[in-house]
Q: 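Before anything else, here's the structure in question.
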2 protein chains.
Amino acid sequence: MTTHATPRREQILREASRLFAERGFHGVGVDEIGAAVGISGPALYRHFAGKDAMLTELLVGISSRLRDGGRRRVAEAAEAGLPPEAALDSLIGGHIDFALDDRALITLHDRELDRLPEADRKQVRQLQRQYVELWVEVVRRVYPELPEAPARASVHAVFGLLNSTPHLSRPSSLPDRDEMAALLHRLARGALTAAAAGA
Amino acid sequence: MTTHATPRREQILREASRLFAERGFHGVGVDEIGAAVGISGPALYRHFAGKDAMLTELLVGISSRLRDGGRRRVAEAAEAGLPPEAALDSLIGGHIDFALDDRALITLHDRELDRLPEADRKQVRQLQRQYVELWVEVVRRVYPELPEAPARASVHAVFGLLNSTPHLSRPSSLPDRDEMAALLHRLARGALTAAAAGA
DNA sequence: CGGCCAGGTTAACGCTCGCTAACAGCTCGT
DNA sequence: ACGAGCTGTTAGCGAGCGTTAACCTGGCCG
């Protein structure tokens, strides 16, 4: 009954996230997940209570990582005495790293939330809300002329912008990772600046 | 065997799109769709060949409307002798109208494509590609200094930004429709301007 | 050495799903 | 008036799903 991370569990979660992102939670069978890690079907129940539990752990995990990483970045910027612009850039950069390096998880994050049992969904939503509020606070510190409502809507929109990377399936003829990160950063910053300028 | 639009068909498609967006294609049963329009279960097969056919018609319909509407707007701007900026603003405005007024369809559009049978998926992808290329051409006319690869990536990102509205579930404490449309327009324009400025 | 437990196997159950079959009523045009 | 056809009904089939049961095996600890 330990919640500790064994290699097997992590391997299962990795493959499950990939499959869920590719074909949707309901579109993947437990036999498929098992096959992806070299065991078959019901052996998964030695590691997880059920299919739902895998999705729950994935979504809670990613939401926690986003929120905690965001908090850390904002705190570090504050301790270093940096201006709010630096905190915002750090938030943007952290989110971009996540979107580029964990595309499957980002996809699940805003696509399969409704497939969770009610209790777990509440927990994930709370983590997401705290992450959004963190962004809203920093954004409003950078752009004090921007009221709260449009600030929150803008943050959501910027998430949509940054999370758009997984939809780019064809790897060819696209910028490489570093160029893509820089481009997304400029897009996000430009969007927020324009939002504030019009308010 | 007519493909014409009877009221019943349209009603079914409306409810199906709502349900698919809420709980995912695999998460909705045909009995549920039937119940939503007041008939029950297998009666749907008097109007559609099957569940897949409903999703196909929804996705082909929305992709066609987006592409055709976009082409019309670009053509109109050209005929009126307007500068490319006007065509871009018209594209953005049209997409925003769509995102705000047909949230369910926008959600399906970038979420359930993989659930289509291969042949239909090819058709939808072609329509989507043509719509993207339309945007890329206009964007590059407005920002000639922006190379093609980052232009395409930016267009995808702007789609993600504009399509983010459905994720805002709580209607309270958010801008109303017109403010939201104006805000999204500024965000999109600001993002593209910033992308071009950094290139 | 011996027993336990972690982690795997296959078989099978029960449920749900998409879909078909068989039938019924309503509205027409002739 | 009446058969045709469109649109609805209920019953039920066959497949696939998540899950449980029963059993096996190899390594570790006392």
Side-chain angles (χ1 to χ4, degrees), chain A residues 1-59 108 112-121, chain B residues 1-59 108 112-121:
Chain A
M1 185 45 99
T2 83
T3 351
H4 258 54
T6 77
R8 193 50 126 185
R9 278 180 65 88
E10 293 171 12
Q11 185 192 14
I12 293 171
L13 287 175
R14 250 199 327 275
E15 296 301 315
S17 74
R18 187 179 54 81
L19 289 168
F20 289 160
E22 280 173 10
R23 295 208 284 287
F25 179 67
H26 290 300
V28 181
V30 291
D31 289 358
E32 245 171 318
I33 303 172
V37 301
I39 67 183
S40 250
L44 296 170
Y45 287 76
R46 301 287 170 195
H47 304 276
F48 295 92
K51 201 184 160 196
D52 288 3
M54 300 181 206
L55 184 61
T56 296
E57 198 159 320
L58 285 171
L59 292 186
L108 292 183
E112 307 285 348
L113 177 59
D114 317 328
R115 281 73 180 168
L116 281 189
E118 165 69 15
D120 305 313
R121 195 168 50 227
Chain B
M1 188 40 107
T2 83
T3 350
H4 259 54
T6 77
R8 192 52 126 186
R9 277 179 67 88
E10 292 171 13
Q11 185 192 15
I12 294 172
L13 287 175
R14 249 197 329 271
E15 295 302 315
S17 75
R18 186 179 54 82
L19 289 168
F20 289 160
E22 279 173 12
R23 298 209 281 289
F25 179 68
H26 290 301
V28 181
V30 291
D31 290 358
E32 244 171 317
I33 303 173
V37 300
I39 67 183
S40 247
L44 296 169
Y45 288 77
R46 300 291 171 192
H47 305 275
F48 296 93
K51 200 183 159 196
D52 288 2
M54 300 180 207
L55 184 62
T56 297
E57 198 159 319
L58 285 170
L59 293 186
L108 293 183
E112 307 286 347
L113 178 59
D114 316 330
R115 281 73 181 168
L116 281 189
E118 165 70 14
D120 305 312
R121 192 168 54 228

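Just so it is clear: chains get the letters A, B, ... in the order the sequence lines come, proteins before strands, and each one is counted from 1.
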Q: Mind calculating the distance between CD (A:Gln11) and P (C:dG7) to the nearest angstrom?
A: 13 Å
Q: Under a 4.0 Å N-O cut-off, is there an ion pair linking B:Arg14 with B:Glu10?
A: no
Q: Is there a side-chain contact between A:Ile12 and A:Met54, using heavy atoms and a 4.5 Å cut-off?
A: yes
Q: What residues in residues 35-48 of chain B put a non-hydrogen atom under 4.0 Å from any atom of DNA chain D?
A: B:Ile39, B:Ser40, B:Pro42, B:Ala43, B:Arg46, B:His47
Q: Which atom pair, heavy atoms only, marks the closest approach of A:Ala36 to A:Leu19?
A: CB-CD1, 4.1 Å
Q: Heavy atoms of chain B, cut-off under 4.0 Å: which first and last nucleotide of DNA chain D, 5' to 3', fall inside that, if you could look?
A: D:dT7 to D:dA11
Q: Provide the closest heavy-atom pair for B:Val37 versus B:Arg8 in the form atom of the first, atom of the second, distance.
A: O-NH1, 3.4 Å
Q: Closest approach of A:Arg115 and A:His26, non-hydrogen atoms and distance?
A: CG-NE2, 3.7 Å
Q: State, yes or no, whether a side-chain contact exists between A:Ile33 and A:Phe20 at a heavy-atom distance under 4.5 Å.
A: yes
Q: In a table with atom names and distances, give each donor-acceptor pair under 3.5 Å that connects a side chain of residues 43-50 of chain B to protein atoms at least two apart or in another chain.
A:
none

Q: Taking all non-hydrogen atoms of both residues, which atom of B:Gly41 and which atom of B:Asp31 are closest, and how far apart?
A: CA-OD1, 3.3 Å
Q: Round to a whole Å and report the spacing from CD1 of A:Ile12 to P of C:dG7.
A: 10 Å
